[in-house]
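See structure below.
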Protein chains: 2
Amino acid sequence: MTDRQQKFIKFIESFIRDNGYSPSIREIAKGMGLSSTASVKKMLDRLADSGLLNRSGNIARGIEIPEKGIPVIGRIKAGVPVEAAENVEGYMKLDRLTIRSGGHFFLKVDGDSMKEEAIVDGDYVLIKPSPVISNGQIGAFRINGEVTLKTFRQNAEGVYLMPANEEFEPIPVGEYDDFEVIGHLKMVLRMTEGSDAFEPA
Amino acid sequence: MTDRQQKFIKFIESFIRDNGYSPSIREIAKGMGLSSTASVKKMLDRLADSGLLNRSGNIARGIEIPEKGIPVIGRIKAGVPVEAAENVEGYMKLDRLTIRSGGHFFLKVDGDSMKEEAIVDGDYVLIKPSPVISNGQIGAFRINGEVTLKTFRQNAEGVYLMPANEEFEPIPVGEYDDFEVIGHLKMVLRMTEGSDAFEPA
DNA sequence: AAAAAATAAAAACAGATGTTCGCTATTTTA
DNA sequence: TAAAATAGCGAACATCTGTTTTTATTTTTT
């Protein structure tokens, strides 16, 4: 990718970030200091050929720039800066979930009853709503008027909600009238102190 | 918000999700089974008045639906469905980080040396690159040709990288020539089995 | 140095797109 | 029940927007 191409991409990316929709060809021309739309179109065609952006032909403001997301870095060779492209194993797009969130929600974890599962106080757990859950899966449940995160366990002795911490006792579901499977655990997310990126607004 | 308004929003949201750009008024009309663009415009104006969507007037495909993100649910009253609006404490937008990722990257955790900090094998840790780190902070380090996630500890005895697991020994930094602070921990993210939403692509 | 490719301009064109107007039917509110 | 708001249609209009064509200049490649 040439410098010039890079500049086009940057402009389009920041336009989309600022406006929520992509720029028209004339807006790109203006932004790049050009006075002809033809020049812009040629560049866009070339960028599209290279796969650096996607266009749905003839559609107004239909430019899409493929989101790479945040790099996932694996093996790192000694002496090589961690940013080195050769170490990037892939990219993680956190926003995919936001977009296709089919009723998912976060619960903020209160207490350490799932400590042995590496889920601790203050963590956010992403729950996928579902009325059923498999044996051994971790999920969110409503029992006796409270919502709790536990492992679902069902055997000959009955159904239990299992904590993952010696200090807590299994909850015998049979002893309560009020029981509901809310959903099951899909993700655990923990923000460390001073991390402002994910503050729920 | 009326049912009808809800349907408009849903259609527009899914169109944007599918295409990457918002629908034209005629496309909305078609999608909603209407034959006049005027009807659509009226509805869009009303939705915009209510703040349910944003339009930058006269701009083709300029509809934006404010992203709320994923709801964070806190206290939940007995008997109330978890989706109840009154329980939503806020919304978490995961995509904010993607956008403003200033060099952040994920490391996939290998091993259980930070188990006591509730960071386990297979977790993804988000690292903010930085050449410095405070005493007691968890960070990523390169030492002796390997990258490791540890707690940084500095006292009268020297500098150590502390594991959070009895089975591992502190690493005395002074004994190695090759040492570098890569960055510090900002987030821990764990995908549970069968969670396809965050597969690094 | 000559040929090829990239960059750019200006103008014209066609189609896509948002807006407006007049009119009617239905639903909701007072 | 009467008035007001909502929903809808169809047509006409103005603008926005992507495309194409022609020509010229600059840069890169051979």
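Each chain gets a letter, A, B and so on, in the order the sequences are listed, and its residues count up from 1. No hydrogens, no waters, no symmetry mates; every other heavy atom, side chains included, goes into these values.
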Send over the distance from [X] [atom1] to [N] [atom2], rounded to a whole Å.
X: B/I59; N: C/dG18; atom1: CD1; atom2: C1'; answer: 11 Å
X: A/M43; N: D/dT19; atom1: CE; atom2: P; answer: 16 Å
X: A/I25; N: C/dA14; atom1: CD1; atom2: P; answer: 18 Å
X: A/D49; N: C/dA5; atom1: CG; atom2: P; answer: 14 Å
X: B/R46; N: D/dA4; atom1: CZ; atom2: C1'; answer: 13 Å
X: B/N58; N: D/dA14; atom1: CG; atom2: C1'; answer: 10 Å
X: A/R26; N: C/dA12; atom1: CZ; atom2: P; answer: 14 Å
X: A/K30; N: C/dA9; atom1: NZ; atom2: C1'; answer: 18 Å

ask   = Touch check for A/S39, heavy atoms < 4.0 angstrom, all strands: base, sugar-phosphate only, or nothing?
value = base
OP1, OP2 of [N] versus side-chain N and O of [X]: anything below 4.0 Å?
X: B/R61; N: C/dT17; value: yes
X: B/S35; N: D/dG10; value: yes
X: B/K42; N: D/dA7; value: no
X: B/K41; N: C/dT19; value: yes
X: B/R4; N: D/dG8; value: yes

ask   = Which pair of heavy atoms, one from B/R61 and one from A/I59, lies closest together, and at what distance?
value = NE-CG2, 3.2 Å
query = Do B/K7 and B/D3 meet the salt-bridge criterion of a basic N to acidic O distance under 4.0 Å?
reply = no
request  = Nearest-nucleotide wise, let me know which of A/R55 and B/Q5 is further upstream toward the 5' end of DNA chain D.
outcome  = B/Q5
remark   = DNA chain D nearest-nucleotide lookup for A/A38 and B/F8: closer to the 5′ end is B/F8
Degree of bending, the helix from C/dA1-D/dT30 to C/dA30-D/dT1 (end axes from five pairs; round to 10°) = 50°
Donor-acceptor pair, distance only, cut-off 3.5 Å: does the side chain of [X] make one with the backbone of [Y]?
X: A/N54; Y: A/E64; result: no
X: B/S36; Y: B/A38; result: yes
X: B/D45; Y: B/K42; result: no

Evaluate whether atom [atom1] of [X] has more than 12 neighbouring non-hydrogen atoms of other residues, nucleotides or ligands under 6.0 angstrom away.
X: B/D121; atom1: CG; value: yes
X: A/N155; atom1: CG; value: yes
X: B/D110; atom1: CG; value: no

Check: A/S36 side chain, C/dT7 base, donor-acceptor under 3.5 Å = no
ask   = Is a donor-acceptor pair below 3.5 Å formed from side chain B/T37 to base C/dT19, judging by atom type as modelled?
value = yes
